[in-house]
Amino acid sequence: MAAAAETLPDPAALLAWYDRNRRTLPWRASAGEAADPYRVWLSEIMLQQTTVKAAGPYFLRFLKSFPDVAKLAAAPLEDVLKLWAGLGYYSRARNLHACAKAVAERYRGRFPESEGELLSLPGIGAYTAAAISAIAFGRKATVVDGNVERVVSRLFAVEAPTPGAKPLIRRLAASLSPPGRWGDFAQAMMDLGATICTPRRPACALCPWSGPCAARKAGTQELYPRKAPKAVRPTRRGVAFWVEREDGMALVRTRPEKGLLGGMTEIPTGRWAEDVDLDATPAALEAEAPLAARWSRASGLATHVFTHFALELAVLTTRVPAATAAPDGARWVPIATLDGEAIPSAFRKVVIHAIGAARSAPQAR
DNA sequence: TATTCGTGGTA
DNA sequence: TTACCAAGAAT
């Protein structure tokens, strides 16, 4: 219908808004400058499910340690994991390294420009392939991230819940395509979602597309995107064992490459499960200890919340002679350099808990 | 298609 | 304090 065509959001209006409100971000080329594919790629990987604020410092540190894709490809994976520690979703770091090696070897250090080729690289999915193709190379691509999903679902008042509505949202997003400036348009859509069309209390008065927005017309903008109800988050429990050697070393292990916190350094723990009873007898709690020793229990629990479960760890501590050998699968590291290890946040909390307990009760049995 | 995968900030 | 959320990918 003619009326519908008149109310279609105008790409030019969004691009004009973008030009007036261009944000400066560490990885973003300034107006008129060519984007660096390596920086675009690195930032896009870091920004997956991660806020700009959290990724920023990591991006700058990575760029300093690994100025180009060749440097990153040549680095040991261990160094990459250490630098990534604390940012979360650690398979990203492993895939980042694998991708750098693939680009260095398969593409002679130059990122491919097409979505299809980018999609074949480790850690690059539909969103990231489109984003790199558009932002780094100016190619036509429909870039759909969480921001774009929200913007589009409101513009068209999409009633179907996500993630089922993703194909529809993608088609609608493609219908908004501009005649050119693909990279700017993609970033404009995401900036609009990040700064105006926010999850809560969107600033519709400042939105260049408030006119054609269906949800805005109905006053229901905060109800989109519709989402399927989430599963309840269970709590798993376990026991962590802090072993300090008299020469200032602590006992750690490396986690298996696959799965939760894959390849990262951990403090030894027993199994994590909902049925573990942290009020059990000391003997029961010590059953899974990595070595025989006199354990004392730190007060309270070290807690951490993952995406799909919460974790509560009782912390048992002990001190052993300097000659003590590390059990199979474990190793000693200097406590003084623990901060530089590839230790995820959950285990950093265990360390703080254990050391705090030792300080506040130095002669606890 | 549904799960699994972190972390820190915010209301 | 709880719940939600952030430039998703892999399986």
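Numbered from 1 within each chain, the chains take letters A, B, ... in sequence-line order. Computation of the quantities below employed the complete heavy-atom set of this structure, encompassing side-chain atoms and omitting hydrogens, waters and symmetry-equivalent molecules.
- Computed from coordinates, the A:Lys227 NZ to B:dA2 C1' distance equals 16 Å when rounded to whole Å.
- Within the 3.5 Å criterion, the main-chain N or O of A:Val243 finds no donor-acceptor partner in the side chain of A:Thr318.
- Between A:His308 and B:dT4 there is no side-chain polar atom (N or O) within less than 4.0 angstrom of OP1 or OP2.
- Minimum atom distance to the side chain of A:Gln48 is reached by C:dG8, of the listed C:dG8, C:dT11, C:dA6.
- Follow the hydrophobic side-chain contacts under 4.5 Å out from A:Tyr107 and you reach A:Ile124 in the same cluster.
- OP1 or OP2 of C:dG8 lies within a sub-4.0 Å distance of a side-chain N or O belonging to A:Gln49.
- Electrostatic pairing of A:Asp339 and A:Arg348 counts as a salt bridge here, judged by a charged N lying under 4.0 Å from a carboxylate O.
- Separating the CZ atom of A:Arg226 from the P atom of C:dC5 is a distance of 14 Å, rounded to the nearest angstrom.
- Among the heavy atoms of the strands lying under 4.0 Å from A:Ala346 are primed sugar atoms or P, OP1, OP2 only; no base atom is included.
- The residue A:Pro163 sits apart from the nucleic acid: no heavy atom pair falls under 4.0 Å.
- Between the side chain of A:Thr50 and the base of C:dG8, no donor-acceptor pair under 3.5 Å is found.
- Across all strands shown, A:Arg150 has heavy atoms under 4.0 Å from sugar-phosphate atoms exclusively, and none from any base.
- Residue A:Ala126 is in sugar-phosphate contact alone, with no base atom involved, counting any heavy-atom pair closer than 4.0 Å across all strands shown.
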A:Arg22 vs A:Asp184, side chain to side chain contact (heavy atoms under 4.5 Å, CB included): CA-CA, chis, key distance, verdict: CA-CA 10 Å; A:Arg22 182 183 278 270; A:Asp184 285 345; 3.7 Å; yes
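- In this structure, the nucleotide among C:dG8, B:dG6, B:dG9 sitting nearest to the side chain of A:Lys53 is B:dG9.
- The distance from atom CZ of A:Arg233 to atom C1' of C:dT1 is 13 Å, rounded to the nearest whole Å.
- Between A:Ser345 and B:dG6 there is no side-chain polar atom (N or O) within less than 4.0 angstrom of OP1 or OP2.
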Check the pair A:Thr128 / A:Gln48 against side-chain hydrogen bond (donor to acceptor under 3.5 Å, both in side chains), numbers first and verdict last. CA-CA 9 Å; A:Thr128 306; A:Gln48 290 166 3; 3.0 Å; yes
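- Note on A:Val148: nothing from the nucleic acid sits closer than 4.0 angstrom, heavy atoms only.
- For A:Arg106, the CZ atom counts as densely surrounded, since its 6.0 Å shell holds more than 12 non-hydrogen atoms of other residues, nucleotides or ligands.
- For the pair A:Tyr58 and B:dT7, the criterion of a side-chain N or O lying under 4.0 Å from OP1 or OP2 is not met.
- Scanning atom types as modelled, no donor and acceptor separated by under 3.5 angstrom connect the side chain of A:Thr128 and the base of C:dG8.
- For A:Pro199, counting side-chain heavy atoms from C-beta on, the closest listed nucleotide (C:dA7, C:dC5, B:dG6) is C:dC5.
- Across all strands shown, A:Trp27 has heavy atoms under 4.0 Å from base atoms, whether or not it also approaches the sugar-phosphate.
- Here A:Arg255 lies out of heavy-atom contact (under 4.0 Å) with every strand.
- A:Leu119 comes within 4.0 angstrom of no nucleic acid atom, judged by non-hydrogen atoms across all strands.
- Spacing between B:dA11 and C:dA7 at atom P, rounded to whole Å, works out to 15 Å.
- Atom pair A:Asn95:CG and B:dC5:C1' shows a separation of 12 Å (rounding to whole Å applied).
- At least one side-chain nitrogen or oxygen of A:Lys230 sits closer than 4.0 Å to the OP1 or OP2 atom of C:dC5.
- The phosphate of B:dT7 has OP1 or OP2 within less than 4.0 Å of a side-chain N or O from A:His304.
- A straight line from CG of A:Asp191 to P of C:dA6 spans 15 Å, rounded to a whole angstrom.
- Comparing C:dC5, C:dA9, B:dT7 against the side chain of A:Leu261 picks out B:dT7 as the nearest.
- Contact annotation for A:Gly86: backbone-only contact, meaning every heavy-atom pair under 4.0 Å involves sugar-phosphate atoms and none involves a base.
- Taking every side-chain heavy atom of A:Asn147 into account, C:dA7 is the closest of B:dT7, B:dG6, C:dA7.
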